[in-house]
Structures are given as structure tokens and as C-alpha cells.
Peer 1: 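So that we are looking at the same thing, I have put the structure below in C-alpha cells.
Values reported hereafter were calculated over all heavy atoms of this structure, with side chains retained and with hydrogens, waters and symmetry mates removed. Counting starts at 1 for both ligands and their atoms, following the listed order.
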Amino acid sequence: MKTYRLALIPGDGIGSEVTDAAMMVTEAAASRFGFALATESFPWSCEYYLQTGVMMPEDGIETLRDFDAIFLGAVGWPATVPDSVSLHGLLLPIRKAFNQYANIRPHRLLKSVEGPLKADSFDILCIRENTEGEYSGAGGRVHRGNDNEVAVETAVFTRAGVERILRYGFEQAKARRKHLTSVTKSNAQKYSMVFWDEVTNELAAEYPDVTVSHMHIDAMAAKMVMAPHDLDVVVASNLFGDILTDLGAAIQGGLGFAASANINPDRSAPSMFEPVHGSAPDIASKNIANPIAAIWSGAQMLEHLGETEAAAAVLVAIEAVTAQGIGIRPGLNTTDQITAAVLAAMEA
Ligand code: NAD
């Protein structure tokens, strides 16, 4: 029997609650579709940082390298560890070390879920560049604390980085409704974003069956609210994609529904799957976190591992559950009830 090795990093707050839920459903999919999961859990989190002074051990990346995939719950506990420490100590190093340059976030309204918009149907695949751009980490501060203090943060766009994320977007669009929207701010940012537009146009020539729209980030934010049904695949830089996908989560009913995958498309290292949401300290340990985002991220993981039937079955089960009105609003059902309903739907 085919066995996949999974590294689990439940993390902080509701991270462990939703990881448990996602793994129960992923295990159920494995037994139904005839494959096995060998999971190993790592305690890397803010709690771990308080005990050891690091978010993960020095050989953490090497430890993860041999796994087929990584599943992460959520990391962050701002009351005790600054977010810049927890993010730069764990999540970002993993994304960069494993070249997980494509961050994939599906936004669509599941059955019976009422989003804040009048729109009743949209299906957007947001693809966010995940390794460079505005979050490249290039910059510095001088004259700290003085009146002449300077802080510089440099956005870095390489041809290799821009081309590969756009190509990934074109391939996804080709397999879907054949429409790609490239998001920039090339009217104001005349170097990096004009460059991004040029690379988009170069690649467009290779994909004659894909229609391309160029949108500025501000107009795009409005479009996601006014006409989300017009969008298919959306490709954006690290910062723009980060912001747009929180908007995407909001219009699909909230963070409890927003899944994400950090993909290394050439498969030279493991990819990482995690819900978009954070550790939600305000609802941690209350058994009220919505596990659907994490369960959906688990389905993305199965898809990436090649278990496409199992992935589809998980999505069908999630939607069967929301169609019954379960988990569609915060506070309506407990984490355990929603998970049990998805497990029951998997068996049906
Ligand atoms: P958050 O996503 O944790 O929570 C924002 C709001 O959404 C909260 O009111 C929370 O209760 C609610 N929420 C989030 N997920 C939910 C779910 N599954 N079900 C129901 N309600 C849910 O964002 P935040 O409060 O800004 O951040 C908290 C911590 O998480 C911070 O330390 C932050 O840095 C970290 N964070 C981590 C990740 C990650 O690990 N990928 C992502 C975002 C934030």
C-alpha cells in the first residue's frame, strides 16, 4: 500500500485543534481510497520558542526535507512572542528553503454559506508569489532612535521568480476557465510592476487559449467585492496576494473557510499546506474554531500527492456538511461537531 510521510506542525492556539480535525478527515480519506499516512508531529511553536529560544531547531529544515508533505495548523502567540519572531523563525524559512513559491488560495462560496456579498456564486483561484517581492527581507535600518533614522525595505523581483509564478498561473488558467488576471500597480511602481506586466505579456504569447486581464491592486480590490464571479485565476505578488486573499476569505464567509497550499511545483522539496487563518488566541481551547479551512487544506495536500479522488471526496463531504447548515456561521457548531459531520459525510 502506498504510504505518504507527513510532517505535522500544529503550532499555537487553534492550530492544534484544526490540525487534529484535518488529520482525522485525511486519515478517513486514506482508508477509503486505499493508501496510508505515516505522520510525525513536531512541537515547533511559540511555546517551544519560550522553552528553547528558537522557533525550530537548527536542523529543522533538514528534518522536514524528507517528508512528502508538511501540514501546519497556525503559528503565533503575540502576547508572549512578537509576530515578527514567530513568522520569521518558522513559516517564512520553510517557504523559502523549500522553494514553495506558489501560494494557492481557493475562494468560493460553499453551499449554504452566506458571505457578506449579494453574489451567490464565484470561484476564484488566487495564486500569490510566496518567496520574493515585497517580503524578500531585503533592507535595513540606520541611525536607530535618532531624528534622522532611516528604514528601507526593498521589494525584489527577479525574472526567474516572476516568470515561474506567472507560468504556474497560466497553467492553472489553462486547466480551468482559461482566464488569468494579473494584479500589479504598474501605474505607480514603474520598475518592478512594469517588469511584471512585460513578463505577463511575453508568457501570454505561449498561452493563446488563455485570456489575460491586467488589473491594478486598488481596482482589483473593488472588483472582488463588486464582481467576483468575473474572476477565474488571479496572480499577484507576495504583498498584493497576501491582502487580496484576506479579502477573498472575507467574501467566502470568513477565515474559517479559507484554505491554502504553499507549493513547490518542481517537487524538489516538500510542499506545505495550512489554513489561511492564524492561531486565533481569542477562541483558542474553546472548541469553536471552524476546522473547514484546515480540512480543505488537507484536500489540497491529497491533490498534490496525486490522490485526486480522495481530495475530491473530501471537498464533496465538506460541501455536503455546509449544505445541511452545519458550520456555516461562527458559533453555530463546535469544532468537534463539524469534524464529526465531515467524517460522517465521508462515509455516506
Ligand atoms: P487570526 O486569523 O488568528 O484571527 C482573526 C479573527 O478570525 C479572530 O477573531 C479569530 O477568532 C477568527 N478566526 C480565525 N480562524 C478562525 C476559525 N478557523 N474559526 C473561527 N474563527 C476564526 O488572526 P490574528 O488574530 O491577526 O492573529 C493571531 C496570531 O496568528 C498572530 O500571532 C498572527 O501572527 C498569527 N497568524 C499566523 C498565521 C499562520 O500561521 N499562517 C496566519 C495569520 C496569523
Side-chain angles (χ1 to χ4, degrees), residues 7-22 25 42-50 55-56 70-96 100 103-105 110 113 115-116 126 128 130 135 238-239 241-263 271-298 300-301 318 321-322 326-339 342:
L8 307 184
I9 308 176
D12 299 294
I14 65 166
S16 53
E17 299 166 49
V18 299
T19 299
D20 286 349
V25 174
F42 298 92
W44 307 337
S45 59
C46 290
E47 189 60 43
Y48 184 86
Y49 177 84
L50 292 175
M55 288 297 296
M56 68 173 155
I70 304 161
F71 189 94
L72 185 133
V75 174
W77 202 257
T80 53
V81 179
D83 281 347
S84 56
V85 170
S86 53
L87 189 64
H88 285 271
L90 189 62
L91 256 183
L92 296 188
I94 295 173
R95 288 176 181 169
K96 284 183 185 168
Q100 295 166 348
N103 185 237
I104 313 300
R105 298 183 172 186
L110 297 175
V113 174
C126 266
R128 163 186 168 193
N130 217 20
Y135 296 176
N238 216 332
L239 170 67
D242 192 2
I243 297 168
L244 281 182
T245 52
D246 257 39
L247 179 54
I251 64 171
Q252 74 187 126
L255 283 165
F257 299 103
S260 93
N262 303 279
I263 302 284
S271 294
M272 178 165 66
F273 302 82
E274 48 165 340
V276 171
H277 64 72
S279 58
D282 54 337
I283 59 165
S285 306
K286 292 185 178 159
N287 190 24
I288 54 172
N290 189 339
I292 288 179
I295 294 170
W296 191 340
S297 307
Q300 288 181 295
M301 179 171 69
I318 290 174
V321 165
T322 60
I326 299 170
I328 60 171
R329 271 192 301 281
L332 197 59
N333 299 98
T334 64
T335 311
D336 291 348
Q337 283 169 340
I338 301 169
T339 310
V342 177

Peer 1: Please report the closest heavy-atom contact between Thr339 and Thr335, naming both atoms and the distance.
Peer 2: OG1-O, 2.7 Å

Peer 1: Answer yes or no: is there a donor N or O on one side and an acceptor on the other, between the side chain of Arg105 and the main chain of Cys126, under 3.5 Å?
Peer 2: no

Peer 1: For Ser260 versus Ser297, what's the shortest heavy-atom pair and its separation?
Peer 2: N-OG, 3.4 Å

Peer 1: Considering only residues two or more places apart or on different chains, which pairs with a residue in residues 274-286 satisfy salt bridge (Lys or Arg N to Asp or Glu O under 4.0 Å)?
Peer 2: Arg95-Glu274

Peer 1: Answer yes if the side chains of Tyr135 and Asp242 hold a donor-acceptor pair under 3.5 Å, and no otherwise.
Peer 2: yes

Peer 1: Does ligand 1 have any N/O pairs with the protein under 3.5 Å, and how far apart?
Peer 2:
from: ligand 1; atom 1: 2 (O); to: Gly278; atom 2: N; distance (Å): 2.7
from: ligand 1; atom 1: 3 (O); to: Gly278; atom 2: N; distance (Å): 3.4
from: ligand 1; atom 1: 3 (O); to: Ser279; atom 2: N; distance (Å): 3.3
from: ligand 1; atom 1: 3 (O); to: Ala280; atom 2: N; distance (Å): 2.8
from: ligand 1; atom 1: 9 (O); to: Asp282; atom 2: OD2; distance (Å): 2.8
from: ligand 1; atom 1: 11 (O); to: Asp282; atom 2: OD1; distance (Å): 2.8
from: ligand 1; atom 1: 11 (O); to: Asp282; atom 2: OD2; distance (Å): 3.0
from: ligand 1; atom 1: 18 (N); to: His277; atom 2: NE2; distance (Å): 3.4
from: ligand 1; atom 1: 18 (N); to: Asn290; atom 2: O; distance (Å): 3.0
from: ligand 1; atom 1: 19 (N); to: Asn290; atom 2: N; distance (Å): 2.9
from: ligand 1; atom 1: 30 (O); to: Ser279; atom 2: N; distance (Å): 3.1
from: ligand 1; atom 1: 30 (O); to: Ser279; atom 2: OG; distance (Å): 3.3
from: ligand 1; atom 1: 32 (O); to: Asp83; atom 2: OD1; distance (Å): 2.6
from: ligand 1; atom 1: 34 (O); to: Asp83; atom 2: OD1; distance (Å): 3.2
from: ligand 1; atom 1: 34 (O); to: Asp83; atom 2: OD2; distance (Å): 3.1
from: ligand 1; atom 1: 40 (O); to: Val75; atom 2: N; distance (Å): 2.8
from: ligand 1; atom 1: 41 (N); to: Glu274; atom 2: OE1; distance (Å): 3.0

Peer 1: Is Trp296 close to Leu110 at the side-chain level, that is, under 4.5 Å between some pair of heavy atoms?
Peer 2: yes

